[in-house]
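Order of listing sets the numbers, starting from 1, for every ligand and every atom in it.
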Amino acid sequence: MNSMPQTHYRICPLCEACCGLEIQTQGTKVISIRGAEQDVFSRGFICPKGVSLKDLHEDPDRLRQPLIKRDGQFVEASWDEALDEVAKQLLPLIKQYGPDSVAAVIGNPAAHKISLLGYFPRLARALGTGNIFSASTLDQMPKQLSSGLMFGHWLSIPVPDIERCDWLLILGANPMVSNGSLWTVPDYRGKAKAMRARGGRIIVVDPRRSETAAAADEHLQIRPSGDVFMLLAMVNTLFEEGLVRLGALAEHLNGLDTLREAIAAFTPERMAAGCGIEAATLRRLARELAGAKAAAVYGRIGTCTQRFGTLNSWLVDVLNILSGNLDAPGGAMFPKAAAFAANTQGKPGSGRGISTGRRSSRVSGAPEVFGELPITCLAEEIETAGAGKVRALICLAANPVLSTPNGPRLASALDGLDFMLSLDIYLNETSRHADVILPGLSPLEDLHFDIAFPQFSFRNHARFSGPVFAKPAAQPEEWETLLRLAAMVEGRDWRAEPEALDAPDSAGLRGPERLIDLALRSGPYGGATEQDLTLAKVKAAAGGIDLGPLQSRIPELLRTPSGRIELAPPALLADLQHVEAALSVPAPAFTLIGRRDIRSGNSWMHNLPILAKGPERCTLLINPLDATRLGLSDGAYAMLSTALVELKVRVALSADMLAGVVSLPHGWGHDLPGIRLGLAGNRPGVNLNALISDGDRDPLSGNAVLSGMPVQITPA
Ligand SMILES: Nc1nc2c(c(=O)[nH]1)N[C@H]1C(S)=C(S)[C@@H](COP(=O)(O)OP(=O)(O)OC[C@H]3O[C@@H](n4cnc5c(=O)[nH]c(N)nc54)[C@H](O)[C@@H]3O)O[C@H]1N2
Ligand SMILES: Nc1nc2c(c(=O)[nH]1)N[C@H]1C(S)=C(S)[C@@H](COP(=O)(O)OP(=O)(O)OC[C@H]3O[C@@H](n4cnc5c(=O)[nH]c(N)nc54)[C@H](O)[C@@H]3O)O[C@H]1N2
Ligand code: SF4
Ligand SMILES: [Mo]
């Protein structure tokens with residue numbers, strides 16, 4: 001430890017905020033991690049998870065060596081041995097049963113890693129399977145579908161221009177804790193505070209008085225799954241009270257009259273009971289939205305993981321459009337990413353648009369959406385005999401046993417596979433089912449460039465960070481592993497030198513760096529002049545390059561066949577027919593919703609000391625009046641049950657909960673045999689997804705319903 005301390009700049013890969021971090025190291029040790037003040041985008045912001053990168057790097061349970069299962073026990077293996085084992089087990093299955101016999105699941109961390117997001121498509125293409133599943137159908141697929149139908153591409157999603165906004169309506173999101181989603185906005189708290197200080201107003205719609213709601217001007221405690229009624233009522237009010245102001249968008253819209261007609265019956269007075277918000281309030285909100293100088297409506301996961309997730313996602317943008325705030329400064333605007341954005345490629349202003357249902361899942365007939373099938377169909381595809389049965393699974397940075405509804409069913413289905421490969425950094429609830437586990441690198445050994453999140457950022461920027469530490473010599477980068485697997489499946493020589501699988505370009509760049517340089521040069525800020533972006537320029541700029549505030553992009557951004565915004569896509573109007581029936585469904589005695597915690601990240605960060613310390617986090621929040629009625633006191637145990645299972649959970653009383661609604665976080669349940677998560681096992685929590693049915697989906701997007709299910713509660 002006699003080397004000099006060094007300072008590194010590293011973009012955090014742990015959530016969508018993409019903060020720039022300053023990491024001090026000495027030799028092979030991390031000395032400190034703080035927010036990088038010089039980062040042009042995050043300007044010094046950091047959360048406790050960013051600091052936990054040190055714990056993640058040092059975690060003795062993090063895998064550094066491939067594992068092969070021999071007689072039910074995992075043993076360490078060399079990379080060549082492990083890949084040989086994959087070839088030995090996987091290739092004969094593909095040969096005998098065809099491409100669809102292999103399924104692939106790609107999980108959340110892949111969205112944050114160019115090594116995975118940039119190279120998984122190569123493996124998927126090599127496999128040629130129709131059985132591709134991902135966390136997208138547990139998350140944002142409804143928003144991608146509504147955006148695709150309206151604007152012509154799955155990733156053309158508008159975000160609030162918070163620095164110029166003065167009225168912001170947030171539904172089903174808690175950016176104070178999640179740090180934003182489909183809205184890359186580091187330091188939401190600071191930006192919201194600044195917005196309110198300049199006279200802006202923030203309204204939060206959530207069944208729980210969330211951290212974001214508590215820091216807002218107004219909180220509307222909506223009934224779970226009531227958003228579709230609320231949003232319809234607001235759209236109805238804009239039409240009925242003559243508040244529609246289209247502004248510059250007027251000439252770029254299709255379907256205004258069709259929409260008006262379709263929405264005519266959904267008056268606030270009829271919708272109020274469905275959402276638990278008074279008609280007068282719904283009308284007032286619509287008027288406020290229409291009257292604000294610069295306003296934005298933003299809905300996130302709470303609005304997506306519902307039966308009407310796609311309708312919700314659509315109606316949010318309908319409100320932005322009808323109030324003249326879509327694509328306008330201070331409203332909901334479209335970022336222009338420096339690289340990789342489909343809406344900056346091809347002919348500006350029109351395109352092929354999107355379609356769904358190019359194929360269907362074998363068992364339930366669920367339509368394909370954006371190249372994948374609903375992940376809630378995975379278990380039945382493995383279990384159900386017949387041609388096309390899934391016999392092998394490649395699981396890439398995903399932990400579906402904890403993250404997918406009816407996780408226990410999926411866990412037993414995984415045991416029925418002929419072969420399973422996990423690319424993961426832990427031996428956990430899902431990878432324990434694998435025959436081979438191939439580990440990824442520590443984030444501190446990996447370079448970073450975001451493909452996805454600049455497309456949803458509150459401000460345009462280009463940033464890159466190199467590895468903080470050299471990777472272990474024997475361990476490949478994950479993109480190399482993916483290329484090897486692709487070569488293997490294609491019958492090419494996967495043992496070839498990496499250079500043979502991915503040749504350097506004329507500048508000597510390989511792998512992700514080659515992709516990034518090409519994407520920057522051919523992107524909207526690239527070109528042939530001195531000022532134009534290249535990877536070298538982005539690398540040379542300490543803290544990245546600021547590309548300015550969001551700019552209006554319509555009609556250039558549109559990729560619909562009509563070259564217009566489609567306000568009334570037929571598939572969405574058809575689904576409106578089902579809203580009426582949902583209105584008369586009575587509320588159950590107790591409804592279950594989810595929650596996120598600042599010191600947690602989905603299912604895999606509970607083994608890191610800095611995040612694991614402090615109070616128990618996997619608790620059932622319940623309104624004190626409900627608790628009294630049930631005879632439950634703070635800290636007591638309750639039995640929480642659905643038709644699937646009964647779980648014993650610790651209760652925490654919280655006046656923040658709407659009466660009749662209880663909340664339990666997801667990603668817990670680390671008490672399964674065969675996992676290697678020493679610290680997480682001390683306080684395992686329970687698996688929320690054991691309670692949730694895998695049979696409930698938004699039929700349009702295939703997204704799972706994760707919120708709003710009836711539960712029974714009794715004292716334990
Ligand atoms: N009930 C309920 N369920 C939910 C949600 C909810 O709100 N409620 N939220 C859903 C949402 S939004 C999401 S995105 C999903 C997330 O669910 P998943 O996509 O399953 O993702 P994680 O739970 O984050 O698990 C990530 C896995 O990747 C591994 N990993 C981490 N880093 C790396 C790496 O660099 N390389 C590799 N190869 N592996 C790595 C981890 O060890 C872990 O096994 O959960 C969903 N599930
Ligand atoms: N600390 C932390 N940060 C994370 C994650 C994490 O696990 N922990 N996960 C990351 C991932 S993968 C994602 S996708 C993002 C998600 O980021 P967000 O979308 O901000 O997600 P949540 O924090 O779960 O906030 C969802 C809110 O919706 C509310 N809600 C539940 N049901 C309903 C409903 O029916 N209607 C309405 N209006 N609201 C409802 C919940 O009470 C909750 O407050 O967070 C990311 N960031
Ligand atoms: S907010 Fe997200 S990106 Fe920023 S430090 Fe925390 S986990 Fe990392
Ligand atoms: Mo997510």
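- Between Ala398 and ligand 1 there is a heavy-atom distance shorter than 4.0 Å.
- Between Tyr298 and Trp183, the ring center distance clears the sub-6.0 Å criterion.
- Of the candidates Ser600, Gly601, Ser225, Ser600 brings a heavy atom nearest to atom 2 (C) of ligand 2.
- Listed by number with element, the atoms of ligand 1 under 4.0 angstrom from any heavy atom of Leu688 are 1 (N).
- Proximity annotation for atom 44 (O) of ligand 2: of Asn174, Leu220, Asp206, Asp206 comes nearest, heavy atoms only.
- Considering both main-chain and side-chain atoms, Gly180 never comes within under 3.5 Å of ligand 2 through any nitrogen or oxygen pair.
- Residue, atom and distance of the protein heavy atom nearest to atom 10 (C) of ligand 1 are Leu138 O, 3.6 Å.
- More than 12 heavy atoms of other residues, nucleotides or ligands sit less than 6.0 Å from atom CD of Glu218.
- In this structure, Asp317 pairs ionically with Lys143, as a charged nitrogen and a carboxylate oxygen lie closer than 4.0 Å.
- With no hydrogens or angles considered, no side-chain donor-acceptor pair links Asn179 and Glu16 at under 3.5 Å.
- With a 4.0 Å cut-off on non-hydrogen atoms, Gln140 does not touch ligand 2 at all.
- Of all protein heavy atoms, the one closest to atom 47 (N) of ligand 1 is Ser403 O, 2.8 Å.
- The heavy atom nearest to atom 13 (C) of ligand 1, out of those in Asn602, Thr137, Asp446, Leu423, is found in Asn602.
- When only non-hydrogen protein atoms are considered, atom 6 (C) of ligand 1 lies nearest to His666 ND1, 3.4 Å.
- Considering backbone and side-chain N/O of Arg595, none are found under 3.5 Å from N/O of ligand 2.
- Close approach to Lys49 involves these atoms of ligand 2, each under 4.0 Å from a residue heavy atom: 1 (N), 2 (C), 3 (N), 4 (C), 8 (N).
- In this structure, atom 36 (N) of ligand 1 lies nearest to the protein heavy atom Glu478 OE1, 2.8 Å.
- If you look at His578 and Phe308, their ring centroids are not closer than 6.0 Å.
- Contacts with ligand 1 closer than 4.0 Å are made by side-chain heavy atoms of Asn689 only, the backbone lying farther away.
- Residue Glu478 holds its CD atom at 4.5 Å from CG of Leu116, rounded to the nearest 0.5 Å.
- No N or O atom of Arg223 sits closer than 3.5 Å to an N or O atom of ligand 2.
- Counting protein heavy atoms only, atom 38 (N) of ligand 2 is closest to Asp227 OD2, 2.7 Å.
- Note on ligand 1: Gly107 sits in its first shell, one or more heavy atoms being nearer than 4.0 Å.
- Ligand 2 has no nitrogen or oxygen under 3.5 angstrom from a nitrogen or oxygen of Arg208.
- Backbone and side-chain nitrogen or oxygen atoms of Asp424 are examined, and one is located within less than 3.5 angstrom of a nitrogen or oxygen of ligand 1.
- Applying the 4.0 Å criterion to heavy atoms of Ile692 picks out, from ligand 1, the atoms 1 (N).
- Ligand 1 is approached by Arg596 to a heavy-atom distance shorter than 4.0 Å.
- Protein heavy atom at the shortest distance from atom 14 (S) of ligand 1 is Asn108 ND2, 3.3 Å.
- Ligand 2 has a nitrogen or oxygen under 3.5 angstrom from a nitrogen or oxygen of Gln306.
- For ligand 2, the polar-atom distance check finds an N/O of Ile301 within less than 3.5 Å of one of the ligand's N/O atoms.
- On a distance-only criterion, Ser210 and ligand 2 share no N/O pair closer than 3.5 Å.
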